[in-house]
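Just so it is clear: chains get the letters A, B, ... in the order the sequence lines come, proteins before strands, and each one is counted from 1.
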Number of protein chains: 2
Amino acid sequence: MRHRLKDVAERAGVSVKTVSNVVNGYVHVRPDTRARVEEAIAELNYRPNLSARHLRKGRTGVIALAVPELDIPYFAELARYVVNAAAAYGWTVLIDQTGGRREQERVVASGITDHLIDGLIFSPLALTAEDLAGLDGTPMVLLGERVEHGPADRVVIDNVTAAREITAHLIRLGHRRIAAIGSQRTDEGASARLRLAGYTDALRAAGLDYDETLVAPAAAWHRADGAAAMQGLLTSGVRPDAVFCFNDTLALGALRALHEAGLRVPEDVAVVGFDDIEDGRFSIPTLSTVAPDKEKIAQLAVELLANRLDGDRTAPAREVSAPYRLEIRESTGAR
Amino acid sequence: MRHRLKDVAERAGVSVKTVSNVVNGYVHVRPDTRARVEEAIAELNYRPNLSARHLRKGRTGVIALAVPELDIPYFAELARYVVNAAAAYGWTVLIDQTGGRREQERVVASGITDHLIDGLIFSPLALTAEDLAGLDGTPMVLLGERVEHGPADRVVIDNVTAAREITAHLIRLGHRRIAAIGSQRTDEGASARLRLAGYTDALRAAGLDYDETLVAPAAAWHRADGAAAMQGLLTSGVRPDAVFCFNDTLALGALRALHEAGLRVPEDVAVVGFDDIEDGRFSIPTLSTVAPDKEKIAQLAVELLANRLDGDRTAPAREVSAPYRLEIRESTGAR
DNA sequence: CATCGTTTCTACAACGTTGTAGGCAACGTT
DNA sequence: AACGTTGCCTACAACGTTGTAGAAACGATG
């Protein structure tokens, strides 16, 4: 069924290599020969065998994107942009789901896949710098702050400043008892640590006290965790006038919990999130948030990977920063 | 850096093939030889080259999942389940995003990828049965009703009955002017056609008139389209007492538009969706919906593909049906 | 002791592709 | 006329793996 270079070659009456040259756009092929070969290719519906090509060339044209969970909207949206950015290089993207488990992340990083892919864009949750240290193999670009001084290129956003700014926005609106949802005790969650730091920075700058009872942890950052954390705050008697959730899904859960408690947003409690997922543009109320430029993040990641693939693989790791902006919507009083 | 069978063989003092036999769990290898080989494998951190293996065996252990858009929550959730179901077979999933464009879907189906993957699970939006007809190549499982009598295995849910049931639920609650959002004029959108049929069936069964002005088209099925369609209905003066949206994102958009128009849900207008995405479990109000068993859909799809890969590739196409249930929440009055 | 079957291992070829080296014309230059 | 250059093409080997065929060692059987 499937045809090979050899079949095309026989049909066109040339050598296998000449067909290969036509397929690869090699210049020195006579126009009539090229035409004959192309005709044969079309007739047989020939398509190159990528595995064989890879085996020979060492390149597949496939990169992997590894994220904790695909049904977290932030990662789904990011995946979309990565796929698009990679398409500009003619690459296909293989998407891997690690579940945020360290073991699975290690498997992905150390490359169960690494003979199949040219490079890896990786958003780790649980992996440590040591896990990454001993890796030979596949060029890698890390997303986020989880691995701070690892051996690989990274794309980050300035979490501390962004968190400070969105908290300052709440303070500017007159809020004084500002809760934070999403802190994490474990070593995991570098983002959590940085966003918490930005939050406390903003409080300090405004002369407000840091009140530990206003800070609620969240094991994962799903809607259910946000709802539970908000409920926890309310039933424990603390009565915040604003809440900074460390991502949008937490915030959507918090909105829900506030609604169930009969509190109005933003009149009784203002809410902000982080990530700018699409849900937040249609929720009731719409959600004020930090909007990282996901398209840019994806482009930068793909670009770093491309440079690494074509260039010096032993060059020192680079770190680039992607922009963000504040997106003020109804949940902090905009209308 | 990367080691080959040959390196392991030299280190263990055996032939290349013996190492291959150990790697593949061949029985007739003396225990001490096996131990020596395994030691060498561990020391060199050997991992087989998948491309080479594929070239030789014709199998990669990689399947592809092609969906229109990853940041449509339904597909993201489905992708998660497919990845998990595939893991049970030791398969990796490559995720492809077609954008729902026919050209791109055709490329995917006819297999730009098809030398790299063993099989394809495909959720087409725009593809026709003819596009699929002439395909040699890769075993394929289709999701949904888009291609009705194609040459490939399919997993479907009974859209007509499900739509009829959720509409009947609205009628049972006393609603009489029930709008529908999501119809599509073009040939695309088999789901739209079937869900519309279920809707009209339910009206007819209850002796209600079909009122064309209550049916709003939606080009795509995003939140923004749902909001626009709902707004359109309201400004055109029709005043429904309930809305059946053909998927949940449309419904979330409709909720938003109703909110902006000052209408309460469910008191003034009841709303139902279709898909049971996570957002609908936390939206305000929470969303009544048809909940297809996504995990089951994924499992069935992977299973069909496995049968096709291991079994008779020319056997007639099979079609299996996945269950669903109604999930009644606040948007139709539950509390 | 000869024969046979089983276990354990090896050599070789092949999967489909492309890089390298080289050959043969045709051309322009001395 | 001899030479080098260029354009076009081919033959061969190699990428890392596994299936096939068969060799060598061993024990069991008659």
Margin query: Any base atoms under 4.0 Å from A:V16, or only sugar-phosphate, or nothing? Heavy atoms, all strands.
Written below: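 The answer is base, as A:V16 lies within the cut-off (heavy atoms under 4.0 Å) of a base atom.
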Note to self: Regarding B:K17, tell me which of base, sugar-phosphate or nothing describes its non-hydrogen contacts under 4.0 Å with the strands shown.
What the structure shows: base
Next item on the list: Can you see which heavy atom on B:Y74 is nearest to which on B:K294, and at what distance?
Entry: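 That closest heavy-atom pairing would be CD1-CE, 3.5 Å.
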For [X] and [N], what is the distance between atoms [atom1] and [atom2] respectively, to the nearest whole Å?
| X | N | atom1 | atom2 | answer |
| --- | --- | --- | --- | --- |
| A:E10 | D:dT10 | CD | C1' | 15 Å |
| A:R53 | C:dT18 | CZ | P | 5 Å |
| B:K6 | C:dT10 | NZ | P | 15 Å |
| B:L5 | C:dT10 | CG | C1' | 14 Å |
| A:L55 | C:dA14 | CG | P | 17 Å |
| B:N49 | D:dA14 | CG | P | 18 Å |

Next item on the list: Would you mind telling me which of C:dA13, C:dT17, C:dT18 lies closest to the side-chain atoms of B:R56?
Entry: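 Among the listed nucleotides, the one closest to the side chain of B:R56 is C:dA13.
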Note to self: If you only use heavy atoms from C-beta on, which nucleotide in D:dC9, C:dC15, D:dG19 is closest to the side chain of B:K57?
What the structure shows: D:dG19
I'd like to check [X] versus [Y] (side-chain heavy atoms, cut-off strictly below 4.5 Å). Are they in contact?
| X | Y | answer |
| --- | --- | --- |
| A:V155 | A:L300 | yes |
| B:N45 | B:H3 | no |
| B:L65 | A:I95 | no |

Margin query: Which residues in residues 20-36 of chain A have a heavy atom closer than 4.0 Å to any atom of DNA chain C?
Written below: A:S20, A:N24
Note to self: Test your reading of the model: is there a side-chain donor-acceptor pair from A:N24 to the backbone of A:S20, 3.5 Å cut-off?
What the structure shows: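 Yes, A:N24 side chain to A:S20 backbone: donor-acceptor pair under 3.5 Å.
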Check: Hey, are B:R318 and B:D153 close enough for a salt bridge, meaning a charged N less than 4.0 Å from a carboxylate O?
Finding: no
Note to self: Looking at C:dT30, which nucleotide sits across from it as a Watson-Crick or G-U wobble partner, both distances under 3.5 angstrom, or is there none?
What the structure shows: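 Per the H-bond distance test, D:dA1.
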Notebook entry, point to check: Any idea how B:W91 and B:Y89 line up, ring-wise: parallel (<30°), tilted (30 to 60°), or perpendicular (>60°)?
Noted result: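 The arrangement is parallel - the two ring planes meet at less than 30°.
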